[in-house]
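Below, all heavy atoms of this structure are taken into account, side chains as well, without hydrogens, waters or symmetry copies. Position 1 is the first residue of the sequence; numbering continues from there.
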Amino acid sequence: MARTGPTSLRTTLRALPKEAQLLVALCSAAMALWAFALTVATVAFPHIRKFDEHVLLVLRHREDLSVPIGPHWLLDVARDITALGSSTVLLLLIFSVAGYLLLERRYGLMTFVLVSTFGGVLITIALKDYVGRPRPTVVPHLVAVESPSFPSGHSFLSAVVYLTLGALLARDTTDRVTKIYLIGLSATLTVLIGLSRSYVGVHYPTDVLGGWVAGSFWALCCGLIARDLQRRRVITPVEKPVPQRVTRSTSAA
């Protein structure tokens with residue numbers, strides 16, 4: 001009798017009915033929303049603020065708080081990484097992708113990318129204004145900032161843009177390794193951008209955590225919508241007509 005190995009979680013989820021798969025996705029979204037709400041609730045706790053400030057102080061030299069720990073080149077790397085989550089870079093990326101989709105005549109997907117990403121921008125602005133948490137003052141800022149601190153806009157928007165684009169690209173390939181690479185790359189970029197914000201001293205760790213959770217929640221919701229639109233063939237590629245070959249017919253003499 002042949003032995004069967006344990007069924008993977010992915011295979012199990014795929015074997016579930018569509019309604020059950022949707023229920024699992026909605027539960028995941030609800031958990032992400034609950035985690036974000038919990039993070040918002042704990043921001044005002046004095047112990048949380050002490051923890052945040054302690055982490056920022058650990059990342060600096062005691063003799064000079066304007067100097068971060070690590071080799072001298074690490075600060076330049078952190079600034080370069082944090083720039084990947086800036087509004088300038090993300091806007092260039094979004095419009096570049098939108099331009100490509102426009103040329104490919106994938107109008108539905110182009111509209112979805114623009115709506116999902118700019119929707120994330122509006123959510124970030126609303127959350128920052130609602131919470132109104134001041135920026136850290138325990139260490140000097142190593143990059144210029146102006147907006148309120150919670151949640152980290154770089155962490156939120158990088159999760160929205162990179163995770164959404166990574167998920168959409170992964171849906172266009174059937175190779176499992178390529179899917180893992182795309183999702184892993186987008187997640188790695190999101191994590192590094194968030195960590196760099198605390199390293200340069202412009203965000204508390206809970207700001208970054210809140211941005212990750214809220215951004216992942218929005219990306220998950222966008223992924224569910226994209227899956228439904230893809231099933232209804234709203235954001236599928238436009239099939240270009242295949243040119244027909246014209247053959248000359250020879251008339252009888």
Go through Leu185 and Tyr162 one step at a time and tell me if the side-chain contact (heavy atoms from CB on, under 4.5 Å) criterion holds. CA-CA 9 Å; Leu185 178 61; Tyr162 291 120; over 6 Å; no

Taking side chain to side chain donor-acceptor pair (under 3.5 Å) as the definition, give me every residue that meets it alongside Ser66, ordered by chain and number, with sequence neighbours left out. Asp64

Could you please spell out the steps behind the side-chain contact (heavy atoms from CB on, under 4.5 Å) verdict for Leu195 and Val208? CA-CA 7 Å; Leu195 294 178; Val208 175; 5.7 Å; no

Check side-chain contact (heavy atoms from CB on, under 4.5 Å) between Leu75 and all other residues, then give those that pass, not counting sequence neighbours. Pro68, Arg79, Leu142, Tyr199, Val200

May I ask you to check whether over 12 heavy atoms, not counting those of His54, lie within 6.0 Å of atom NE2? no

Pairing residues for Ala167 by the side-chain contact (heavy atoms from CB on, under 4.5 Å) criterion, not counting sequence neighbours: Ile183

If we only count heavy atoms from C-beta on, is the Arg133 to Asp207 side-chain gap below 4.5 Å? yes

Could you go step by step and tell me if Arg197 and Ser152 meet the side-chain hydrogen bond (donor to acceptor under 3.5 Å, both in side chains) rule? CA-CA 8 Å; Arg197 300 304 285 171; Ser152 168; 4.6 Å; no

Test of understanding: with side-chain contact (heavy atoms from CB on, under 4.5 Å), list the residues that count as partners of Pro134, not counting sequence neighbours. none

Residues in side chain to side chain donor-acceptor pair (under 3.5 Å) contact with Arg135, at least two apart in sequence or another chain: Ser147, His203

Taking only residues two or more places apart in sequence or in another chain, which ones pass side chain to side chain donor-acceptor pair (under 3.5 Å) with Thr111? none

Supply the members, apart from Val138, of the Ile/Leu/Val/Met/Phe/Trp/Tyr cluster built from side-chain contacts under 4.5 Å; use none for a lone residue. Leu56, Leu57, Leu65, Val139, Tyr204

Using a 4.5 Å cut-off between side-chain heavy atoms of Ile, Leu, Val, Met, Phe, Trp and Tyr, which other residues end up in the same hydrophobic cluster as Val177? none

Which residues pass the side-chain contact (heavy atoms from CB on, under 4.5 Å) test with Ile81, not counting sequence neighbours? Val77, Leu192, Ile193, Ser196

Which pairs would a plain distance check flag for residues 92-102, meaning a side-chain donor or acceptor within less than 3.5 Å of a matching protein atom at least two apart in sequence or in another chain?
| unit_1 | atom_1 | unit_2 | atom_2 | d |
| --- | --- | --- | --- | --- |
| Ser96 | OG | Leu92 | O | 2.6 |

Residue pair Arg105 / Tyr107, side-chain heavy-atom distance below 4.5 Å: yes

Can you give me every donor-acceptor pair (side chain of residues 115-124, partner residue at least two apart or in another chain, under 3.5 Å) with its distance?
| unit_1 | atom_1 | unit_2 | atom_2 | d |
| --- | --- | --- | --- | --- |
| Ser116 | OG | Phe112 | O | 2.9 |
| Ser116 | OG | Val113 | O | 3.0 |
| Thr117 | OG1 | Val113 | O | 2.6 |
| Thr117 | OG1 | Leu114 | O | 3.2 |
| Thr124 | OG1 | Gly120 | O | 2.8 |

State whether the side chain of His141 and the backbone N or O of Pro136 hold a donor-acceptor pair below 3.5 Å, judged by distance alone. yes

Name all residues meeting the side chain to side chain donor-acceptor pair (under 3.5 Å) criterion together with Thr190; count only those two or more places apart in sequence or in a different chain, and write none if there are none. none

